[in-house]
Amino acid sequence: MTPKAAKFYDLRGLKCPLPVLKSRKKLSALNEGDEIVVETSDPLAIIDIPHMCREDGNILLEAVATDDGHRFRIRKS
């Protein structure tokens with residue numbers, strides 16, 4: 001299976017718990033194997049997004065620090 005291009009989801013400016021809630025909602029609408037890239041400026045996202053992925057059974061492919069926050073690449077399982 002070849003993954004489709006990841007969809008970009010800009011959540012910068014939102015504070016906890018909104019990045020997790022919006023990411024979870026977006027992922028629930030995707031098909032298995034689809035990917036999203038989430039950008040957030042919330043400093044707690046580096047803890048919350050990986051935890052959400054583990055809870056929901058999705059795969060965190062990448063977590064990268066950016067100038068104003070973090071970027072996460074997530075695959076729907």
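- By the 6.0 Å contact criterion, NZ on Lys76 is enclosed, its count of non-hydrogen atoms from other residues, nucleotides or ligands being greater than 12.
- In this structure, CG on Leu18 lies 10.0 Å from OG on Ser23, to the nearest 0.5 angstrom.
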Enumerate, atom names and distances included, each donor-acceptor pair closer than 3.5 Å involving a side-chain atom of residues 8-16, sequence neighbours excluded.
| unit_1 | atom_1 | unit_2 | atom_2 | d |
| --- | --- | --- | --- | --- |
| Asp10 | OD1 | Arg12 | N | 3.0 |
| Asp10 | OD1 | Arg12 | NE | 2.8 |
| Asp10 | OD2 | Arg12 | NE | 3.4 |
| Asp10 | OD2 | Arg12 | NH2 | 2.7 |

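- Cluster annotation: Ile47 and Val64 are assigned to distinct hydrophobic clusters (Ile/Leu/Val/Met/Phe/Trp/Tyr, side-chain heavy-atom contacts under 4.5 Å, transitive).
- Within the 4.5 Å cutoff, no side-chain heavy atoms of Val38 are placed close to those of Pro19.
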**Request:** Test Arg71 against Val37 for side-chain contact (heavy atoms from CB on, under 4.5 Å), laying out the working first.
**Result:** CA-CA 7 Å; Arg71 181 181 313 114; Val37 173; 3.4 Å; yes
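- Side-chain atoms of His70 and Ile49, non-hydrogen and from C-beta on, never get closer than 4.5 Å to each other.
- For the side chain to side chain donor-acceptor pair (under 3.5 Å) test, residues two or more places apart in sequence or in another chain that qualify with Arg24 are Glu55, Asp56.
- The line from CG of Leu30 to NZ of Lys25 is 13.0 Å long, rounded to the nearest 0.5 Å.
- Thr40 and Phe72 make their closest contact through CG2-CE1, 3.6 Å (heavy atoms, listed as atom of the first residue, atom of the second, distance).
- Here the CG atom belonging to Leu60 is positioned 8.0 Å from the CE atom belonging to Met52, to the nearest 0.5 angstrom.
- Remark: Leu61 pairs with Glu35, Ile59, Arg73, Arg75 by the side-chain contact (heavy atoms from CB on, under 4.5 Å) rule, at least two apart or across chains.
- Annotation: side chain to side chain donor-acceptor pair (under 3.5 Å) contacts of Asp68 (sequence neighbours excluded): Thr66.
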